Amino acid sequence: MIRLCRLENETLSSVATKDINISEVSEHTVEIITNSGEGAQKCAQIFGQTCAKMGNGVWTVEIIPAEIEPPHHTVTSTSGNIIRFGTDKVTNWGDQSKLAVAFNDQVLLSRHRLDSLHDNCIILQESLWENHEDEDIRRMYREAMEEMSSKNYRFVNVPIEEEALKIVSNPSHGKNMFALGLLAEIYQRDVSIIERQIAHIFRLKSQKVIDSNIELVKAGAAWARENLDFQFHIPSVPAEEERIVMNGNQACGLGSIAAGMELCSMYPITPATSVSHELAEVIENYGGIVHQAEDEIAAAGVAIGASYAGKVALTVTSGPGMALKTEFIALAIMVEVPLVVLDVQRGGPSTGLPTKVEQSDLLSSIYGQPGDAPRVVIAPRSIEECFHSMVTARRIAETFRTVVIVLTDANLATGVQQFTRPELDVRWQQGPIDQSPVPEGLRPYEWDPKTGMSRRIIPGMPGGAHTVTGLAHDELSLVSYHPSGNELGMRMRSRKLAVFQSTLMPPEVHGDEEGDLLVVGWGSTHGAIEEAVDRARAEGRKVSSCQLTFLSPLEPGIKDIFSKFDKVMTVEINYSDTVGDPYITEETRRYGQLAWLLRAHTLIDIDCWTSCPGQPLRPKDIYQNIIAKLEPSQDIEIGEAS
Amino acid sequence: MIRLCRLENETLSSVATKDINISEVSEHTVEIITNSGEGAQKCAQIFGQTCAKMGNGVWTVEIIPAEIEPPHHTVTSTSGNIIRFGTDKVTNWGDQSKLAVAFNDQVLLSRHRLDSLHDNCIILQESLWENHEDEDIRRMYREAMEEMSSKNYRFVNVPIEEEALKIVSNPSHGKNMFALGLLAEIYQRDVSIIERQIAHIFRLKSQKVIDSNIELVKAGAAWARENLDFQFHIPSVPAEEERIVMNGNQACGLGSIAAGMELCSMYPITPATSVSHELAEVIENYGGIVHQAEDEIAAAGVAIGASYAGKVALTVTSGPGMALKTEFIALAIMVEVPLVVLDVQRGGPSTGLPTKVEQSDLLSSIYGQPGDAPRVVIAPRSIEECFHSMVTARRIAETFRTVVIVLTDANLATGVQQFTRPELDVRWQQGPIDQSPVPEGLRPYEWDPKTGMSRRIIPGMPGGAHTVTGLAHDELSLVSYHPSGNELGMRMRSRKLAVFQSTLMPPEVHGDEEGDLLVVGWGSTHGAIEEAVDRARAEGRKVSSCQLTFLSPLEPGIKDIFSKFDKVMTVEINYSDTVGDPYITEETRRYGQLAWLLRAHTLIDIDCWTSCPGQPLRPKDIYQNIIAKLEPSQDIEIGEAS
Amino acid sequence: MSSLAISLLDLEADAGVCFEAEDYQKRPGKWCAGCGDFGALNAVKRLLAKEQLQPDRMVFVSGIGCSSRFPHYVNAYGFHGIHGRALPLASGIKLARPELDVFVVTGDGDCVSIGAGHWIHAIRYNMNMVVMLLDNNIYGLTKNQTSPTTPLGYSSMTSPHGAQLPALDPLQATLGVSNASFVAQTADWVPAHLYATLEAAYDHPGFSFIRILQRCPKFTPDIFEQAVKDPARTELLVHEDGVDPPGLEKLYEARREHDPKDIDEARSLARRDDMIRLGVFFRDDSLPVYEEVRAVPKVTPQEKINRLNKEFERYAV
Amino acid sequence: MSSLAISLLDLEADAGVCFEAEDYQKRPGKWCAGCGDFGALNAVKRLLAKEQLQPDRMVFVSGIGCSSRFPHYVNAYGFHGIHGRALPLASGIKLARPELDVFVVTGDGDCVSIGAGHWIHAIRYNMNMVVMLLDNNIYGLTKNQTSPTTPLGYSSMTSPHGAQLPALDPLQATLGVSNASFVAQTADWVPAHLYATLEAAYDHPGFSFIRILQRCPKFTPDIFEQAVKDPARTELLVHEDGVDPPGLEKLYEARREHDPKDIDEARSLARRDDMIRLGVFFRDDSLPVYEEVRAVPKVTPQEKINRLNKEFERYAV
Ligand SMILES: Cc1ncc(C[n+]2csc(CCOP(=O)(O)OP(=O)(O)O)c2C)c(N)n1
Ligand SMILES: Cc1ncc(C[n+]2csc(CCOP(=O)(O)OP(=O)(O)O)c2C)c(N)n1
Ligand code: SF4
Ligand code: SF4
Ligand SMILES: [Mg+2]
Ligand SMILES: [Mg+2]
């Protein structure tokens with residue numbers, strides 16, 4: 001019998017039941033690692049859903065291979081999922097996995113190399129390879145095990161394929177459910193919930209498929225019951241309010257329906273495309289359509305045309321697509337046509353890391369346009385905020401007749417989390433098309449000299465015929481080359497940002513309002529940063545954090561908030577130089593993108609810790625860097641400590 | 001007889017010769033204002049050239065109408081030229097014109113409305129309209145005169161058309177030369193030089209054309225001699241070294257030939273196109289070509305392809321074209337293919353003010369790319385520097401295997417100035433194609449870990465075959481999704497900027513190294529800023545200025561330089577909010593683009609005075625704002641004082 | 001204003017108003033004297049008057065170029081967009097508001113060069129709009145650069161030694177795109193033909209692509225000179241399903257019966273450069289129209305809320 | 001290294017080396033099992049071996065997509081560019097170095113959708129390169145979205161109810177572009193035909209456009225299934241100026257003599273969708289090739305300096 005007392009930071013209360021040692025822990029992280037095409041997503045989806053339904057906080061993350069269907073049993077073929085779940089709300093993917101189910105040694109190895117597995121990780125691995133008839137496979141297995149022996153992993157051999165074959169003929173369509181059964185038993189999941197989930201997911205397939213999947217789950221559970229000597233118990237607190245669970249792209253998709261979006265104009269690009277997949281499936285039930293344009297330029301143009309004509313329009317893309325929309329975004333700002341642009345950020349520059357997370361489009365979103373083109377940029381901080389950001393974005397875009405760029409990223413896009421079921425408001429659905437006659441004398445840009453705001457005239461409105469233009473123009477929308485005409489337009493378009501800023505509240509500080517260090521983040525890193533800060537605070541450190549949502553214009557009061565801390569440091573998933581590296585001085589250093597913005601904004605010497613590993617930041621790495629910033633003398637090795 | 005003693009700031013020494021009062025002044029600004037199509041450009045070009053050849057400093061600026069050929073005799077049809085010339089070097093267009101030749105009241109009115117004419121401007125105007133048979137024309141004339149009566153202009157009626165018709169049948173092809181004759185007499189220009197210029201300019205036409213043009217000039221001069229009672233004498237100092245005279249686009253064009261550019265890939269866009277017109281005419285004599293692509297994206301792609309394959313390539317554009325090149329620029333940075341991008345900035349955002357000057361592409365040039373894409377951005381400060389910047393840009397691009405963006409603007413593009421004839425260096429011509437075998441084991445990105453620099457391998461080199469990619473890649477150019485691989489590449493690409501910065505000198509300070517105010521500018525405003533600073537310094541003000549050329553990375557030592565001044569303020573031709581306007585506070589204010597950059601860089605509270613009138617800044621307006629910044633209490637009305 | 005009042009007002013606005021061609025001119029066109037764009041504007045004004053279109057129910061969309069200034073001069077809603085992108089903007093407008101009449105005005109640079117990708121795809125989308133390509137074989141607004149339709153050897157500021165490639169023929173290219181439904185050619189100097197072509201285009205339910213040969217006296221004064229002077233160089237394609245305006249028979253004697261249903265023949269005629277051919281090359285009113293195949297039933301706000309609430313069930317915890 | 005040593009080394013490198021097809025495979029292709037891209041790679045390898053091309057004297061250029069990974073697997077210089085922009089990159093390379101062999105590999109999304117404008121213009125430029133459009137009628141890399149060539153009604157993640165428009169036919173579109181000089185169609189599952197088509201394309205002096213029907217077992221397993229199973233649905237276009245690889249007569253009984261010089265017939269055949277037609281639709285070796293018409297004599301650095309110094313005279317003060 002093993003005692004799992006090596007799992008630190010967790011409340012252990014081992015209760016021996018027969019031979020089985022049940023450890024009670026407040027959270028756990030599991031990963032399912034397979035070849036691409038072996039169904040890890042489905043397994044994880046059901047497992048995550050089940051945990052959520054049982055009242056646990058959950059966060060799941062996809063592990064996506066670079067190829068569509070890479071050769072099996074290689075390190076590059078790794079496909080899978082990480083599920084972190086706990087008693088309380090889970091806001092990020094956490095640090096490392098404590099338990100893994102691996103379908104072969106190579107995909108496991110890839111996870112090991114990425115430092116994804118906790119030092120004491122329990123690994124349930126397919127038993128097929130160790131004594132495989134093919135010597136090459138045996139050798140690969142041995143070498144992998146040798147490489148992984150640097151860690152304290154506990155390996156448990158499981159005849160996954162063998163057992164699955166007892167129920168289905170093609171193990172690739174069964175091993176995942178068997179694995180689900182193993183996990184169900186280890187974590188005492190409610191099998192009736194699992195069965196319902198299976199029935200739902202395979203609702204378009206035959207009853208036979210559903211039955212055999214359920215059988216597989218039961219077989220997995222039975223195997224675990226008979227052969228494993230450990231279980232984990234993660235207490236759950238059933239939610240009080242109704243909740244829903246989804247990933248960030250689904251949240252953006254449904255959020256845009258909630259926001260009354262009638263047209264989503266897009267061109268496929270990872271990791272944004274699944275927003276439109278989501279929408280393509282359902283939006284027509286809401287009187288809207290997804291238009292796949294010939295390229296991102298056209299996608300922007302169609303959205304602008306539609307919005308000009310009175311539809312609520314959205315365009316969705318990622319970095320390279322944003323680059324292509326650059327010119328059109330400036331046009332929308334210039335003619336003051338409302339437009340929501342959703343940028344699901346990925347690793348850059350150029351094609352970069354298409355499936356991976358990065359927060360590197362901040363400065364280009366704000367400053368990308370030649371000429372002065374003020375626009376609003378917001379970054380939801382959680383999957384729940386992904387949903388609501390679409391409603392907010394539409395509202396801002398229409399109120400201020402401007403472009404709103406919403407920055408999410410691959411972490412939010414594919415992470416799955418539950419959140420309070422949104423209360424929908426029928427007013428969000430109101431279309432802007434107003435076909436009443438234009439009041440006599442109303443000019444197309446009847447700028448309120450104080451606010452720069454003006455009333456929108458939409459084609460079809462009697463008496464409103466006028467021509468909009470991307471050329472400098474006056475209030476009548478007539479081309480104007482006169483200096484004062486040009487300057488007036490520029491002032492009015494800029495003024496709107498200041499007016500909008502005046503409607504915002506200062507950002508909240510997580511932790512005390514003053515202290516030694518303030519960690520500042522934006523967007524998707526919210527959960528991980530707060531978790532790291534909490535860890536440091538639990539040790540008595542005077543650290544707080546502040547997560548920004550409004551990046552252009554910036555929320556009010558930032559300088560005041562910052563000035564109450566000795567040090568301010570941003571944490572971002574993007575690139576910055578490290579002072580002390582060759583040629584890198586305080587003067588030549590290139591900063592993280594938010595840090596740069598805030599330095600100009602506050603004139604405070606804001607430091608940054610950034611990283612662009614192509615994966616979400618881990619609380620422990622952030623924690624390390626908090627400590628390093630607080631105690632620079634200690635010279636802690638970043639990212640290495642466990 | 002008039003005494004021109006109202007002309008301030010000038011050494012007056014009126015010498016009465018017969019009836020003519022010759023005023024000796026150190027400089028003068030003249031404008032020729034015509035309908036588009038009436039040949040103002042040719043007149044001004046010859047006049048400017050003649051002044052230059054006589055040893056005067058000269059700066060000429062085009063006045064361009066918005067339409068190709070707008071209806072004549074309207075305020076929008078104004079076409080013309082401003083020529084500022086003086087005893088010393090002239091570095092900018094100055095403040096206002098002191099003498100004007102106007103072909104009709106409407107085009108004159110448009111200049112009046114733009115505040116382009118000095119309060120005491122002498123206006124030689126066509127006498128045809130006052131008593132024209134058409135009552136409409138007479139009325140327009142009267143109303144125009146009425147409107148202009150707010151100023152102290154001195155009008156002199158000249159029968160321009162009538163006199164021209166004595167020599168040519170179509171006055172549109174003659175009035176300009178008659179006007180040139182007027183100016184030749186007023187400023188005692190050497191007629192033999194003018195004759196040579198005419199012969200050169202019309203070298204492709206018949207001798208008859210040349211002769212009648214010369215005759216017209218002589219007629220103009222004779223008329224002036226007989227009818228005018230004033231002349232101006234601007235002493236000149238013949239240059240010691242050889243000089244050439246051209247506009248900034250010509251300088252960029254010839255500069256790129258001097259730099260060994262073999263391919264200019266472009267798509268037409270004002271005000272950049274004339275660079276390629278210049279090149280298209282001559283580059284084939286140098287073994288190169290101008291390729292007009294189907295759009296700006298393709299233009300960038302062709303340049304990158306050619307550079308990858310070993311040609312020295314350039315792409316030329318303006319704001320909207322820059323927007324379209326965004327994605328390709330990131331690719332070049334990612335694959336480390338050298339590329340020079342010339343952006344002749346125009347008024348934005350969007351189509352904006354296509355023919356007018358603005359300096360609004362700075363932040364988008366530096367931060368325009370989604371993802372982290374470090375590149376070099378430089379801004380020549382004069383027409384001479386336009387020439388040399390092309391040589392510098394190529395050198396940086398190739399040495400650091402990166403993208404160099406050269407920012408000029410419509411002011412430099414169409415401004416004409418003389419400068420020291422460049423000494424050409426045959427080494428600038430060396431092509432990078434090196435077809436020697438690749439040393440065994442040399443990797444495609446053999447990054448020096450200290451500098452990020454690596455040796456370029458060009459297709460055709462034996463033993464070098466490899467595939468470059470915009471995906472994250474390692475030193476072998478293999479796609480790499482590993483965190484450390486991605487971060488290494490990013491670090492290396494960023495490091496190069498720091499290494500490049502280490503080769504730069506701190507910017508020079510014009511004036512004392514410490515004082516009350518430092519005015520900071522970039523690019524084309526150099527001459528105007530220094531002139532304004534000199535004016536303030538002449539009054540004993542402790543003002544200096546500093547004009548930046550390297551914007552990314554910034555030149556070293558900037559913070560040290562700034563810290564020696566009480567106040568620092570940028571002067572830029574772009575948009576910034578004005579504190580005190582509704583909703584605009586220190587916190588919400590959007591700054592000029594350089595100001596913003598320098599605030600983040602130095603953490604110094606840098607102010608800015610910016611303006612985007614669609615025309616170059618005037619020394620007097622800059623001067624006003626210097627005074628306002630020094631003595632904020634005085635509450636001087638900006639831009640209004642004479 | 002109560003909604004009742006509004007509808008009364010609407011009625012009033014409609015009642016008895018009769019638009020003359022000149023009522024559709026918002027302000028004078030600012031093109032060079034003799035520019036062919038004036039001819040196009042005049043023909044359009046006639047069409048609008050003939051159809052009595054409400055200024056407020058039409059949108060004129062353009063890119064950037066001399067020709068693209070068109071919307072500024074028409075009494076209608078207008079969107080003067082960015083270079084090369086008139087068609088995506090127009091598609092968005094039509095997709096959003098199929099009930100509005102959409103006209104697109106574009107130039108040979110705008111449409112055939114920088115806008116080529118959108119052009120090809122807009123032909124295929126086959127949205128119901130009239131597209132006028134004002135083809136002067138040159139870049140006018142930027143002052144004389146070669147365009148894809150510039151004749152081989154014709155010189156410009158960017159090709160001082162003459163265009164290096166044979167011109168791209170917009171008709172053949174359009175006819176090569178699947179789902180192309182209306183392709184015609186006319187010329188600014190044959191106003192009756194231009195007008196009749198516009199009428200047919202407006203009548204066609206789909207993407208009506210008209211290449212208008214357009215004189216640019218400023219930069220390509222000689223390109224169409226011969227054609228204008230010598231009508232014998234022009235052949236009219238006539239057919240009962242095509243255009244055949246009365247009064248041209250005398251001037252344009254060369255006439256050819258061409259059935260616009262015959263795509264092979266249309267392509268073949270477009271390819272031959274022995275004569276300038278004006279007329280409807282191809283027309284098929286039965287092809288799928290994008291805004292129609294994408295039409296979805298309207299849903300009330302409340303119903304949307306209900307459905308979305310139901311959707312949430314799928315995601316319920 | 002002295003230049004003498006270099007040239008010796010060059011000689012050595014050339015001497016006696018004989019490349020087998022496998023020598024051109026740099027690393028194993030990472031496509032799904034059964035992916036048609038493997039077939040294209042194999043045919044290319046055969047061609048390179050047949051022509052004994054030097055790996056260092058060729059460049060493979062691509063955009064982004066499954067198909068666009070091609071350059072990574074070939075033993076040659078490669079430029080894996082950005083989505084839709086392979087052709088401008090390739091044009092730049094060819095313009096710079098006409099002596100290098102340039103191959104372009106692109107997908108139906110890459111070429112026909114986002115790259116459409118460049119595609120149309122590259123056809124017209126007619127630069128000497130081989131362009132392989134791997135047309136699987138779908139977006140593979142981004143996992144199953146509709147492409148312009150997706151058949152009407154075929155569903156994908158972005159068109160769950162089926163593609164709403166008839167597919168755009170790349171052959172007809174290409175044939176519609178002036179100066180098109182070589183247009184062929186082949187299929188990944190007829191290796192002999194694919195190879196022979198590549199040979200003809202390589203032999204053609206100009207822009208050789210090959211549409212390769214390509215199976216994507218992952219996302220469009222059924223689209224070409226019938227065609228693969230039932231050769232009677234395929235007609236081979238044969239001609240002495242076309243391709244007619246030996247050994248196919250038995251399997252592919254439907255054969256049609258088609259003279260690739262006949263553009264009208266080529267367009268007409270491309271239009272008809274009664275059968276799948278493989279072969280050379282059009283070929284004209286006499287059309288102007290851009291890098292040739294743009295070729296300029298080399299000038300020595302010193303001579304350039306002299307000329308520029310002379311040029312300065314024009315600007316001298
Ligand atoms: C992105 C972009 N590129 C280039 C330009 C410059 N530009 C304006 S109009 C034009 C071409 C005009 O030619 P055409 O479309 O044939 O119209 P025309 O003036 O001949 O009517 C160009 C290149 C621009 N405004 N925007
Ligand atoms: C600018 C840009 N837009 C979109 C994408 C995403 N993207 C990558 S490949 C691809 C389409 C692939 O389809 P296709 O060209 O047919 O190639 P296949 O994968 O089918 O071989 C898309 C949309 C991108 N990388 N860059
Ligand atoms: S330049 Fe040509 S196209 Fe433009 S307005 Fe003048 S005549 Fe018309
Ligand atoms: S997804 Fe399709 S095209 Fe892509 S590699 Fe797989 S089979 Fe080939
Ligand atoms: Mg044109
Ligand atoms: Mg494809």
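All figures in this text were calculated on a predicted structure; none of them were measured in a lab. Numbers restart at 1 for each chain; the letters A, B, ... are given by sequence-line order, proteins then strands.
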Evaluation steps, side-chain hydrogen bond (donor to acceptor under 3.5 Å, both in side chains), between B:Arg590 and A:Ser494: CA-CA 8 Å; B:Arg590 298 179 59 248; A:Ser494 184; 2.9 Å; yes
| message | Can you see whether B:Tyr583 has A:Arg495 sitting over its ring - NZ or CZ less than 6.0 Å from the centre and within 45° of the normal? | response | no
At a heavy-atom distance under 4.5 Å, which candidate from [options] has the highest pair count against chain B?
options: A:Arg113, A:Gln369, A:Gln615, A:His601; answer: A:His601
options: A:Ser484, A:Ala330, A:Cys612; answer: A:Cys612
options: A:Ala600, A:Ala323, A:Pro483, A:Ser611; answer: A:Ala600
options: A:Glu487, A:Arg589, A:Lys450, A:His473; answer: A:Glu487
options: A:Gln345, A:Glu327, A:Lys325; answer: A:Glu327
options: A:Pro556, A:Gly614, A:Ala332; answer: A:Pro556

Is it the case that the side chain of [X] and the backbone of [Y] share a donor-acceptor pair, with hydrogens and angles ignored and the cut-off at 3.5 Å?
X: B:Thr451; Y: B:Met453; result: yes
X: B:Arg375; Y: B:Ser365; result: yes
X: B:His112; Y: B:Ser110; result: no
X: A:Thr602; Y: A:Ile604; result: yes

Bottom line for A:Glu296: the part with an atom under 4.5 Å from chain B's heavy atoms is neither
Cut-off 4.5 Å, heavy atoms of chain B, and the answer for A:Leu554 is neither
Given the options [options], which has more heavy-atom pairs under 4.5 Å with chain A than any of the others?
options: B:Met334, B:Met490, B:Arg493, B:Gln501; answer: B:Met490
options: B:Gly371, B:Pro320, B:Ser318; answer: B:Gly371
options: B:Leu471, B:Leu363, B:Thr588; answer: B:Leu471
options: B:Gly321, B:Ala373, B:Pro374; answer: B:Pro374
options: B:Pro354, B:Ser360, B:Gly319; answer: B:Ser360
options: B:Ala498, B:Gly348, B:Gly347; answer: B:Ala498

- [ ] Walk me through it: do A:Asp409 and A:Arg346 pass the test salt bridge (charged side-chain N to carboxylate O under 4.0 Å, His left out)?
- [x] CA-CA 6 Å; A:Asp409 59 34; A:Arg346 63 189 227 179; over 6 Å; no
Next on the checklist: Using the rule given for side-chain hydrogen bond (donor to acceptor under 3.5 Å, both in side chains), can you reason through B:Asn574 versus B:Glu572, listing the C-alpha separation, both sets of side-chain angles and the distance that settles it, and then say yes or no?
Outcome noted: CA-CA 6 Å; B:Asn574 54 35; B:Glu572 311 176 55; 2.9 Å; yes
Checklist entry - Between A:Glu336 and A:Lys496, does at least one N-O distance fall below 4.0 Å, as a salt bridge requires? => result yes
